[in-house]
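Just below is one structure, and these are the notes that go with it.
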Amino acid sequence: LRHAEAAGPYLVVCPASVKLNWRREIQMVDPSAECRVLQGSVGSPVEPGFQGWAIINYDILDKWFDSLLGTAWSGLIFDEAHYLKNHTSKRNKLAMKLCGRQGHDPAVYALTGTPLTNRPRDLFPLLQLVNHSLGKSFLSFAKRYCDAQHNGYGWVTDGASNLEELTAQLQGAMLRRRKDDVLDLPPKIRGWLQVDVPAGTATAEIREVAETLLLARAGSNPRGDRVRLLAKITKAREKLAAAKVKETLGLLDGMVEQGEKVLVFSCFDRPVKAIHKHFGEQSVLLTGATPADKRQDLVEAFQNDDSLRVFVANIQAGGVGLNLTAARHVVFNDLDWVPANHWQAEDRAYRIGQAGTVNVHYLVARGTVDEFVQGVLETKAALVSAVIEREALDPAATRDVLAELERLVGNMSARLADPDTPLTDEEWAEALIKEVEGEQATQSNNKPSQKIQRPTLSREALLALARVLNRPGSKIY
């Protein structure tokens, strides 16, 4: 930043959990630097002539906004910039105003390990932030790179198109530092561990999700259906998360007995509290309720205290910004339906300072929708590679778990949805695969210039969905 703007002041906007870490890192590089960490109380961030660093978290940006806007910042850094991916959100609008202060043109850097959390449209707010030419009009960007289609009600921008051109456009604005390029790190090994849960766990909720999607396809109360859909998905995920805790504890017990330190993540409070209770004084717990000024203390305790073996965290609160290289194992009790949250959390252990192989363990509940989610997550990593590494990409890889489920249900033929035409799980999956292939052949004919590949979801993933949805007595299938 000082190469771009030699004199401050500089502003760092970051998650609350890494504010103190930013101060420490800045002072390691420049011990004479003046750093001010802004907390909840509003005051004057800097006085005239201040040329140091001010550090604030996204959550309190609005409280300090008027004071921040009154300062002519020489440079701004937005850490974990994917927090700004929703270009209609309040925090995004505040960030844009800070960057576009009238009569001033600061150096702006957006730092993120996941510039695309789900699909190419996630890039647009970051391009706006750094004043890139592609960030001028969202509709123009969406039509060119998101395969935008008008459905009669509005623009649908969930797709992907012209990705090779997009990667070329990004080369002048995006600097990517891969761990393989800049660090001499040992391997990271990702594995999927199937576990048993009580039969039927979360099946009723997932069936209701499919029913809701079918009703939405018919145009029946789409807004109310969407609220119901999200509620049912959350309930299903919570049930699966709670059901897997016993198996997670068994896995963790073995690791601790072997003298290992381990990170364990869940999306929900009930599992993390149960795991923390099980390990007691051998563990530390970090959730959204943990005060920001205490989080770094927990990190340093886990890193340096040999009696602490397990770092238990909510994936949203503990999955970003923290340096937890004392652990060589990362365990996910449950599966987040936003894949980027997993990638961020994995790298709490896989970063500078890691001396051993990092083993990542995903627990998958056998015979449940978890197996379908696994199939989607395994295909997802292709998106970032495609956009950044100039590779062509099947548009299906840009969908998150919910979008993929919506697409599959939305494309079901009458035969698949007809309760009077019973199909085995194998027949159901085979029929759905043929429909997906037919859809892709149509896309290929309509858009011959784009590379269309085989269905990204494996037959096993579709079979897993079939086992959950295609049951006797279901009023849909």
Side-chain angles (χ1 to χ4, degrees), residues 1-84 91 94-101 103-113 126 129-131 174-177 179 182-183 291-301 303-304 320-325 347-348 351-354:
L1 182 57
R2 283 188 167 169
H3 283 288
E5 293 287 345
Y10 310 108
L11 178 66
V12 177
V13 186
C14 62
S17 58
V18 298
K19 285 198 299 186
L20 298 182
N21 193 55
W22 262 100
R23 181 178 66 182
R24 184 177 62 183
E25 295 291 335
I26 290 169
Q27 291 179 336
M28 284 177 60
V29 175
D30 182 3
S32 64
E34 185 175 358
C35 295
R36 297 186 182 177
V37 178
L38 307 184
Q39 304 294 353
S41 301
V42 178
S44 177
V46 298
E47 69 279 353
F50 177 79
Q51 293 195 347
W53 299 74
I55 305 167
I56 190 171
N57 54 298
Y58 288 104
D59 299 329
I60 62 173
L61 193 58
D62 57 337
K63 295 180 180 179
W64 281 85
F65 183 71
D66 289 339
S67 297
L68 296 172
L69 192 62
T71 300
W73 302 102
S74 297
L76 296 101
I77 294 175
F78 296 91
D79 190 18
E80 306 294 352
H82 51 274
Y83 275 48
L84 303 171
R91 87 174 31 155
L94 295 177
M96 287 298 301
K97 288 180 180 178
L98 285 174
C99 294
R101 185 176 180 271
H104 192 59
D105 185 24
V108 179
Y109 292 88
L111 311 181
T112 176
L126 303 187
L129 205 64
V130 299
N131 199 29
M174 178 183 289
L175 174 64
R176 188 185 188 201
R177 300 179 72 227
K179 288 185 170 71
V182 299
L183 300 177
D293 58 351
K294 300 294 183 184
R295 298 184 184 192
Q296 189 60 35
D297 292 340
L298 294 178
V299 169
E300 293 182 2
Q303 288 285 91
N304 300 312
V320 296
L322 304 180
N323 188 341
L324 297 164
T325 53
D347 286 350
R348 296 314 96 214
R351 56 198 307 108
I352 296 174
Q354 181 56 259

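It should be emphasised that the depicted structure is a prediction, and the values quoted were computed from it without experimental measurement.
The closest donor-acceptor contact from the side chain of Trp64 to the backbone of Gln39 lies under 3.5 Å. At least one donor-acceptor pair under 3.5 Å links the side chain of Gln303 to the backbone N or O of Thr325.
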*Taking it one step at a time, do Ile26 and Ile55 satisfy side-chain contact (heavy atoms from CB on, under 4.5 Å)?*
CA-CA 11 Å; Ile26 290 169; Ile55 305 167; 4.2 Å; yes

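Residues passing the salt bridge (Lys or Arg N to Asp or Glu O under 4.0 Å) test with Asp62, sequence neighbours excluded: Lys90. Residues passing the ring-ring contact (aromatic ring centres under 6.0 Å, His included) test with Tyr58 are Tyr83, sequence neighbours excluded. Residues satisfying the side chain to side chain contact (heavy atoms under 4.5 Å, CB included) criterion with Pro291, sequence neighbours excluded, are Asp293, Lys294. Taking Tyr109 as the reference, nothing meets the ring-ring contact (aromatic ring centres under 6.0 Å, His included) condition, with sequence neighbours excluded.
Of all heavy-atom pairs spanning Leu84 and Ala95, the tightest one is CD1-CB, 4.1 Å. The minimum heavy-atom distance between Ala110 and Ala81, with the atom names listed, is CB-CB, 3.7 Å. Of all non-hydrogen atoms in Thr112 and His82, the two that sit nearest each other are OG1-ND1, 2.7 Å. Nearest heavy atom pair, residue Asp79 against residue Pro15, reads O-CD, 3.9 Å. Among all heavy-atom pairs drawn from Ala33 and Gln27, the shortest one is O-NE2, 3.8 Å.
Side-chain contact between Cys99 and Asn131 is absent, with no heavy atoms from C-beta onward closer than 4.5 Å. A heavy-atom distance below 4.5 Å is found between the side chains of Leu68 and Trp73. Side-chain contact between Leu61 and Ile56 is present, with heavy atoms from C-beta onward closer than 4.5 Å. Looking only at side-chain heavy atoms (C-beta outward), Ile77 and Trp22 come within less than 4.5 Å of each other.
For residues 12-30, every residue pair satisfying the salt bridge (charged side-chain N to carboxylate O under 4.0 Å, His left out) rule, not counting sequence neighbours, is listed here: Arg2-Asp30, Arg24-Glu300.
Atoms CZ and CG, on Arg351 and Asn323 in that order, are 5.5 Å from each other to the nearest 0.5 Å. Note that OH of Tyr10 and CG of Leu76 are 11.5 Å apart. Values are rounded to the nearest 0.5 Å. Here CG of Leu129 is found 6.5 Å from CE of Met96. Values are rounded to the nearest 0.5 Å.
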